[in-house]
Amino acid sequence: MLKFETLIMASSTLICDTEPWKELRAHVEDINKTHLRDLMNDTSRCQSMMMEFDGILLDYSRQRATTGTLNKLFSLAEAARVKEKINRMFNGERINSTENRSVLHVALRAPRDAVINSDGKNVVPEVWQVLDKIRDFSERVRSGAWVGATGKALKDVVAIGIGGSFLGPLFVHTALQTEAEAIECARGRQLRFLANVDPIDIARNITGLNPETTLVVVVSKTFTTAETMLNARTLREWISSALGPQAVAKHMVAVSTNLKLVEQFGIDPNNAFAFWDWVGGRYSVCSAVGVLPLSLQYGFPIVEKFLKGASSVDQHFYSAPFEKNVPVLLGLLSVWNVSFLGYSARAILPYSQALEKFAPHIQQVSMESNGKGVSIDGVPLPYETGEIDFGEPGTNGQHSFYQLIHQGRVIPCDFIGVVKSQQPVYLKDEVVSNHDELMSNFFAQPDALAYGKTPEQLQKENVAEHLVSHKTFSGNRPSLSILLPSLNAYNIGQIISASCEHCVKTNMPPLAIPNLKLPATFFPFVQLLAIYEHRVAVQGFVWGINSFDQWGVELGKSLASQVRKQLHASRKKGESVEGFNFSTKTLITTYLEASADVPSDPSTLLPKI
Ligand SMILES: O=P(O)(O)OC[C@H]1O[C@H](O)[C@H](O)[C@@H](O)[C@@H]1O
């Protein structure tokens, strides 16, 4: 056993230069000697690789790992100072060093009496001030106390935003749309999301809506994102051309950290809902970014349950020992798959249509966070970070890309199933209920991947010789299974308290979220979301990168603005295309020539759908 001190890295040391990393590298050889078929025969191993949290069952026995692997991964976490980094995050330290910001999305869902400091100031009261404002505003809109310019109640909402100001709220909305209580709360109301700057997305989103009864929520952390701002100006035009410019005050509100720009845009600051630079866009679903549109659609009490679920995971992440810490275990296993077994992708496969927007959301959370090429200190990395995340609801995926997963490349899969369907269907003459049919696939696929099918088995089945190799499945393909109790509000039957046994035993520093007492009814899909947020952070902590900046999105934006200028100059003044390479110049010129019939100075044109 290595001594703790020797495991600790100097801050500039890369994790790949530490002993635990080297040990794991060497350990790959041991793992390569075993097949998941054999690992799965070891019941006590499998038992130790299952755990339950808030009614959620996690089974990682189909990872290509032994208990020895796990121990080595815990040593790696120690070498990477993961615990210290988690504490620094919860303590509001500026761990997003390239933007000089703290990372405190956990404060967004902390109970009212919690104390979470950023720069020595407790941020929780501010968080609740905004939440109270949202509760009040959404209740007024929903009750019809707040009316539009022509005196009609606002029953429809279009939320304009992109990236983190879109994907998380869309995920939650999609999961709630078929939930019994949420359906009742949303009756007669619509929530739509306008993200793409493509005018087709505008057309789709305003189809069937009446400006008189529509509220537009502009959601942008920076309030400078080109796509969002053009969409906001377009819907401002849609409202004012129908109802007059003074209607904007009644029909448009905003969510942003940049309240000055909100006001400049023409939105009444009283109708602006703030959040803070310590909330990363992709981690902002629990801020006004998600809470406002979702409260307008479902009412604040539903959204409050949502916040409590995420808070329960935060508490678990902060206080559970690593061996029983779901986000930590998942994060370490992902590092194992990416950095040691060399699997560069991960499939996220919910066996639930209500979770259909989970993979797109996690795609941003994970790929924007961990797709980095240098360490947090700016040192180029000799190893890859992040993984290629993709996914679809499971059974749809089975009929699409699973072929590659079964017989082509190895892609670790996250299978996510639900015990009780939101919308049960039974047909009296069928063998099983519709949900059981769905779940049969959820249970079967992981074993198909792990065990495969051997040529011997095929021969026994009298498969024609020339087809044996085609029908062989190598197996040994890792996955993990997460079984959620329900997608409806679920009672976990216990009060969560922050003074957990482990914290007391290990004499942990004062908890970031003290005296957490939660009525234990949550939406398990929210726990899932928070688990993945923290899992991604754990991966980044181990890889030694900054998971909270996103410089990689800037270059494309600035080149697009150069093109924008060119398109303007060419259309308005007939200027030729200059300053681009041959390929881009040819493409832009072709585009301009082929669309020369577009009027160069049109009067305002809105979609006619
Ligand atoms: O919320 P906004 O400031 O409009 O930003 C929207 C999105 O813009 C960029 O693309 C960032 O990479 C994302 O992280 C962010 O979520």
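Remember, it's 1-based here, ligands and their atoms both numbered in the order they're listed.
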Mind telling me whether Phe90 and His534 have parallel, tilted or perpendicular rings, with 30° and 60° as the class edges?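 The rings of His534 and Phe90 sit tilted, inter-plane angle from 30° to 60°.
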Ligand 1 atoms in contact with [X] (distance to a heavy atom under 4.0 Å):
{"X": "Val553", "answer": "12 (O)"}
{"X": "Lys221", "answer": "1 (O), 2 (P), 3 (O), 4 (O)"}
{"X": "Gly163", "answer": "16 (O)"}
{"X": "Gln364", "answer": "13 (C), 14 (O), 16 (O)"}

Please, which pairs that meet ring-ring contact (aromatic ring centres under 6.0 Å, His included) have at least one residue in residues 193-219, sequence neighbours excluded?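 Non-adjacent pairs meeting ring-ring contact (aromatic ring centres under 6.0 Å, His included): His173-Phe193.
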Nearest heavy atom to atom 6 (C) of ligand 1 wins, so pick from Leu167, Ile162, Val365.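 Looking at heavy atoms only, the winner is Ile162.
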Closest to atom 13 (C) of ligand 1 among Arg282, Glu554, Glu368 (heavy-atom distance):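 It is Glu368 that holds the nearest heavy atom.
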Test item: side-chain donor near acceptor, [X] and [Y], under 3.5 Å:
{"X": "Thr584", "Y": "Asn581", "result": "yes"}
{"X": "Asn100", "Y": "Asn96", "result": "no"}
{"X": "Asn370", "Y": "Thr385", "result": "no"}
{"X": "Thr98", "Y": "Asn546", "result": "yes"}

Give me the nearest non-hydrogen protein atom to [atom] as residue plus atom name, then the distance to 0.1 Å.
{"atom": "atom 5 (O) of ligand 1", "value": "Thr225 OG1, 3.4 Å"}
{"atom": "atom 3 (O) of ligand 1", "value": "Thr222 OG1, 2.6 Å"}
{"atom": "atom 16 (O) of ligand 1", "value": "Gly164 N, 2.7 Å"}

Of the backbone atoms (N, CA, C, O) and the side-chain heavy atoms from C-beta on, which set of Gln550 has a member under 4.0 Å from an atom of ligand 1: side chain, backbone, both, or neither?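 Contact part for Gln550 vs ligand 1: side chain (C-beta onward).
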For this output row, return yes or no: ring centroids of Phe171 and Phe358 closer than 6.0 angstrom.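 When the ring centroids of Phe171 and Phe358 are compared, they turn out to be within the sub-6.0 Å range.
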More than 12 heavy atoms of other groups within 6.0 Å of Arg204 CZ: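 Counting other residues, nucleotides and ligands, CZ of Arg204 stays at 12 neighbours or fewer.
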Would you call Lys557 a ligand 1 contact, heavy-atom distance under 4.0 Å?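 For ligand 1, residue contact (heavy atoms, under 4.0 Å) with Lys557 is present.
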